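Note that the structure is predicted; figures quoted are calculated from it, not measured.
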Amino acid sequence: MNDPASHAVAGSADPVTAWHRLAGTCVLLDGFHALKHAVRFGAEIPVAVAADRRAALALAGELAPDVRPALDALLTEVPETTYAALVPRPHPTAVAALAVRPPRAANLERLARTPRTTPVVVLDNPRNLGNAGAVIRLAAGFGVTGVVTTGTLDPWHPTVVRGGAGLHFATAVERLAVAELPPGPVFALDPEGDDIRGVRLPDDAVLAFGSERSGLSAELRARADRLLSLPMRPQVSSYNLATSVAMTLYHWSLGGGV
């Protein structure tokens, strides 16, 4: 991460001007926890604001003392009305920042690198921004190599980043076509698949999950090496996407991951 103090000097002179100049090209970190995680995982943060700087630093001291010095250097206090005008939906912590998105080339290199010691999660044509964010948060917690989305959803959309609590910076997050998926055996979750409890998931697995409404696309299904199903009581139609990912990653972890 670049020196946070140098960013603070640039931002503190006129953080609003810096914000408007950078907003179109940077990632919105919406709330204290998103900023906290971005700092922890090395994000470059050119501007960060708080409606109550003292309260934000007190929160850091209580919940994340490891990042308090960096936040002390980064945060500039602005009036609450100014803060509210900078974000689409004010966060209860009244903290926001802009971060530089990791280079796509670096993420693609990370996803393609072998041998791989942790899986890649693929969301096949997801529709719900909040669900995508929750999956990225889960993936970061399990230390997976990355999260890939197919289809039209932007995995770096502000709502996804908010749902992921800034943990996009803890893993490689990119949008790819099915034909561009990283190397490794593809295990796709499907109600008609083999019971996952009888399968050991390798560390280099590509774990694919269909969309919330229509399931796996025909293209992803054709790409799969094996279809797997999660245990489910009869007459229960499905699990939430993030729940399915959590169950699958936990099953992988029982084989020695994390």
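For the pair L57 and R68, the minimum side-chain heavy-atom distance is below 4.5 Å. Two residues are said to be in side-chain contact when any heavy atoms from C-beta on lie closer than 4.5 Å; V199 and L228 meet this criterion. Side-chain contact between P115 and D204: absent, with no pair of heavy atoms (C-beta onward) separated by less than 4.5 Å. Between F142 and T118, every side-chain heavy-atom pair lies at or beyond the 4.5 Å cut-off. Using a 4.5 Å cut-off on side-chain heavy atoms (C-beta onward), L29 and V161 make contact. Side-chain contact check for Y83 versus V95: every heavy-atom pair is 4.5 Å or farther apart.
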Q. Run the side chain to side chain contact (heavy atoms under 4.5 Å, CB included) check on L153 and L129 step by step: do they pass?
A. CA-CA 8 Å; L153 183 144; L129 295 166; 3.7 Å; yes

**Q.** Verdict with supporting geometry, V173 and W156, side chain to side chain contact (heavy atoms under 4.5 Å, CB included)
**A.** CA-CA 8 Å; V173 177; W156 286 87; 3.7 Å; yes

Q: Kindly indicate, with the supporting measurements, whether the criterion side chain to side chain contact (heavy atoms under 4.5 Å, CB included) is fulfilled by L123 and V148.
A: CA-CA 6 Å; L123 304 183; V148 170; over 6 Å; no

Q. Would R162 and D30 satisfy salt bridge (charged side-chain N to carboxylate O under 4.0 Å, His left out), going step by step from the backbone distance to the final call?
A. CA-CA 6 Å; R162 181 170 179 150; D30 199 1; 2.7 Å; yes

Q: Evaluate side chain to side chain contact (heavy atoms under 4.5 Å, CB included) for L189 paired with L216, printing each intermediate quantity in order.
A: CA-CA 8 Å; L189 277 291; L216 295 167; over 6 Å; no

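Side-chain atoms of R200 come within 3.5 Å of backbone N or O of G255 as a donor-acceptor pair. Side-chain N or O atoms of S229 include one that pairs as donor or acceptor with a backbone N or O of G193 at under 3.5 Å. Without hydrogens or angle criteria, T93 side chain to G31 main chain gives no donor-acceptor distance under 3.5 Å. The backbone N or O of L167 sits nowhere less than 3.5 Å from a side-chain atom of H37 that would complete a donor-acceptor pair. Judged purely by atom type and a 3.5 angstrom limit, T82 has no side-chain atom pairing as donor or acceptor with the backbone of V78. Between the side chain of H168 and the backbone N or O of P155, at least one donor-acceptor pair lies under 3.5 Å. At least one donor-acceptor pair closer than 3.5 Å links the side chain of E77 to the backbone N or O of R53.
Counted by atom type alone, N125 and T150 present zero donor-acceptor pairs between their side chains at under 3.5 Å. A donor atom on one side chain and an acceptor atom on the other are found under 3.5 Å apart for S217 and D124.
The CZ atom of R221 sits 4.0 Å away from the CG atom of D190 when rounded to the nearest 0.5 Å. In this structure, CG in L75 is found 9.0 Å from CD1 in I45, a value given to the nearest 0.5 Å. One distance of note links CZ of R175 with CD of E180; it measures 11.0 Å at 0.5 Å rounding. Taking CG of L138 as the reference point, atom OG1 of T243 lies at 8.0 Å (rounded to 0.5 Å). Summarising the geometry, atom CG belonging to D14 is positioned 9.5 Å from atom CZ belonging to R21; distances are rounded to the nearest 0.5 Å. Distance check, rounded to the nearest 0.5 Å: NE2 of H251 to CZ of R197 gives 9.5 Å.
In R116, the CZ atom is crowded: over 12 heavy atoms of neighbouring residues, nucleotides or ligands sit closer than 6.0 Å.
Just one residue in the list V122, V186, L201 forms a side chain to side chain contact (heavy atoms under 4.5 Å, CB included) with L207, and that residue is L201.
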